[in-house]
Amino acid sequence: MMTTQSLRRTNYEAEMTQPQIPPAGLRNKFDESANDALTWSGGRRPQTPETIKKYRQSTVHEPGKIIRHSGLADDPVPVGPFGVKTAAAGGQNITEAINTYPESELSRWKLEQAEAIYASSQREPLGHGYVRGHKIPAGLGTEHPFGVAYDARGKELARQAATVIFPTDKPAEEDPGIRSLYVRSHADYAPAEQRRRNYDWGKAGVDPTTHRFGAIDPNPERDGVRKAVQPNLEPSLQPPRVLPKLHEDYKATATDYLGKPRQLGTGDRTLPPTHTFGVPSMRKGREAGVAELMTGYYPPPEQDPDADLGKSLREGFRNQTKPGDENRSFGIPTIRTDLRLPRLRSVADPQNYGNESDVGQVLRPPLAADLGISDEQFVALRPKEDIRQLVREAGLTLTDDEFDAAWALAADADGAAAAAAAAAATTTSAAATSSAEAQPPRACIDTFFRARHHLLAQTLRIPPPF
């Protein structure tokens, strides 16, 4: 135990700690400090002795010197050229060493006679096929074909070729007596056949279909190989270790055990198993529970809606209706159909003027939306030549009479609508009349094709589709 008196001591005493804990440090007769041990004497680092230097990697692989093994470091370097000198006088040159095949006819015949005794030369002669000793009749393969003549057409008509490929005859059954002899002499068991030794199971009182042979170990050994290879992983195989009581006392006081209080050295208080530690939650009578804290327990006046719910309490910002304004809508609409679409719209203008797609068009887009053509292109008023060019590029072949008839009907329908719009936009009726007379007739492509379908319906004497 560490006390105030132990902190004031300067000398070590053996009875101050446990006997199994040795004192720290090392005492010697030299009075030197750590600085003296780390400082080189004379201010110079000592060199490696010559007897040890040859074993160091820094010496063996020293730049600019030959790498020498430590066993040859002390040997003198021989003087003179290295290697073995070959005698060139009277030797064989490189041409004679490469050209080993005889050049004369007699020398080649002599070489063939010398190699004819080898079995490989007889079975595999140079330039011929492998000789296997077969006696092939003369003319076979050149004058006489291989195989036996077979009337395939006749066999096919007699259904004999099919039986050769897929035999339908049932193989002859083997005699059981002969079969048992082969099983006994050659152990010729059929696939998945059980070996039967003709034991008398009734005499032994054993049913081989349900009986299990062998004995059952009441205490089987599990994971035997793992325990044999790694015995340190099995706690039961570990020898007991004697630990200092000081460590066990610290573990008992510093460890939190599940369901038990920490042992603080107060001793055994002999508390009953039903004892509950801690301070009770309700110390001042009835208190709010978890349900009341989550749902709230405010009085009815505090549960009323706020005074500014649905209306503004700020002066000048109150949307109060007057008599006759029950159906009035306050504010600015999101889609400004009351404003005119600018001719040149800025990319920074986020306002919707009623010309953008709604939810219905997003779910069911127009037919030409994938081509980048909007509905405004179909209802835009165009002159006659533009409509003629669009019809021609669409691949629709119309005569001049058919086109003029459809154009007159479409221009008549769209011309009246255009004149009414121009009259509404012009201040005076005289200016509207002059502008309508000066402007050439126009029609949209949608009205043109409607007029075309209407004329076709009249020709076929059927009701128009629209």
Side-chain angles (χ1 to χ4, degrees), residues 327-466:
N327 299 326
R328 178 184 174 185
S329 298
F330 296 91
I332 301 176
T334 305
I335 301 176
R336 300 302 303 273
T337 55
D338 55 329
L339 299 179
R340 188 174 181 179
L341 179 65
R343 182 177 181 182
L344 298 177
R345 185 177 179 181
S346 174
V347 295
D349 186 5
Q351 183 62 48
N352 185 1
Y353 295 94
N355 60 333
E356 298 182 4
S357 302
D358 53 3
V359 179
Q361 294 179 352
V362 173
L363 296 177
R364 300 184 63 182
L367 297 177
D370 56 340
L371 301 177
I373 302 176
S374 60
D375 292 341
E376 288 79 3
Q377 301 294 332
F378 289 98
V379 297
L381 298 179
R382 307 173 187 273
K384 183 176 181 180
E385 296 302 327
D386 292 352
I387 298 295
R388 186 189 299 274
Q389 183 179 359
L390 290 175
V391 171
R392 186 185 304 109
E393 293 181 357
L396 183 61
T397 304
L398 296 178
T399 60
D400 294 341
D401 297 339
E402 294 175 348
F403 180 83
D404 294 340
W407 167 257
L409 188 59
D412 187 17
D414 288 344
T426 309
T427 55
T428 60
S429 59
T433 304
S434 60
S435 61
E437 292 178 355
Q439 185 178 7
R442 294 172 175 267
C444 63
I445 192 67
D446 183 70
T447 307
F448 177 83
F449 279 102
R450 289 176 178 269
R452 173 60 182 169
H453 284 286
H454 186 75
L455 295 176
L456 290 176
Q458 291 181 355
T459 303
L460 301 176
R461 296 181 181 181
I462 58 175
F466 38 74

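Just so you know, these numbers come straight off a predicted model, no measurement behind them. All residue numbers refer to positions in the sequence shown, counting from 1.
At least one side-chain heavy atom of L341 sits less than 4.5 Å from a side-chain heavy atom of N355. By the 4.5 Å heavy-atom criterion applied to side chains, T337 and Y353 are not counted as neighbours. Two residues are said to be in side-chain contact when any heavy atoms from C-beta on lie closer than 4.5 Å; R442 and D414 fail this criterion. In this structure, the side chains of F449 and L396 come closer than 4.5 Å at one or more pairs of heavy atoms. Between L398 and R392, every side-chain heavy-atom pair lies at or beyond the 4.5 Å cut-off.
If you check the side chains of Q389 and E393, you find a donor sitting under 3.5 Å from an acceptor.
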For this session: Let me see the working for Q377 and R382 under side-chain contact (heavy atoms from CB on, under 4.5 Å), right down to the final yes or no.
Result: CA-CA 10 Å; Q377 301 294 332; R382 307 173 187 273; 3.4 Å; yes
Problem set entry | Residues R336, N352; criterion side-chain contact (heavy atoms from CB on, under 4.5 Å); working and verdict | CA-CA 6 Å; R336 300 302 303 273; N352 185 1; over 6 Å; no
For this session: Output, in order, the C-alpha distance, side-chain angles, deciding distance and verdict of salt bridge (Lys or Arg N to Asp or Glu O under 4.0 Å) for R388 and D400.
Result: CA-CA 10 Å; R388 186 189 299 274; D400 294 341; 3.7 Å; yes
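Across all their heavy atoms, A451 and A410 have their closest contact at CB-N, 4.1 Å. Taking each heavy atom of P350 and A348 in turn, the nearest pair found is CD-O, 3.1 Å. Pairing each heavy atom of C444 with each of L381, the nearest pair is N-CD2, 3.9 Å.
Here CG of D375 is found 6.0 Å from CD of Q361. Values are rounded to the nearest 0.5 Å. The structure places CD1 of I335 at 7.5 Å from CG of D358, a figure rounded to the nearest 0.5 Å. Remark: I445 CD1 to R450 CZ distance equals 12.5 Å, nearest 0.5 Å.
Ring centers of F378 and F448: at least 6.0 Å apart, outside the cut-off.
Under a cut-off of 6.0 angstrom, the local environment of CD1 in I332 is sparse, with at most 12 non-hydrogen atoms contributed by other residues, nucleotides or ligands. Atom CG of L371 sits in a crowded spot, with more than 12 heavy atoms from other residues, nucleotides or ligands closer than 6.0 Å.
Salt-bridge annotation for E356 and R345: present, with a side-chain N of the basic residue lying under 4.0 Å from a carboxylate O of the acidic one.
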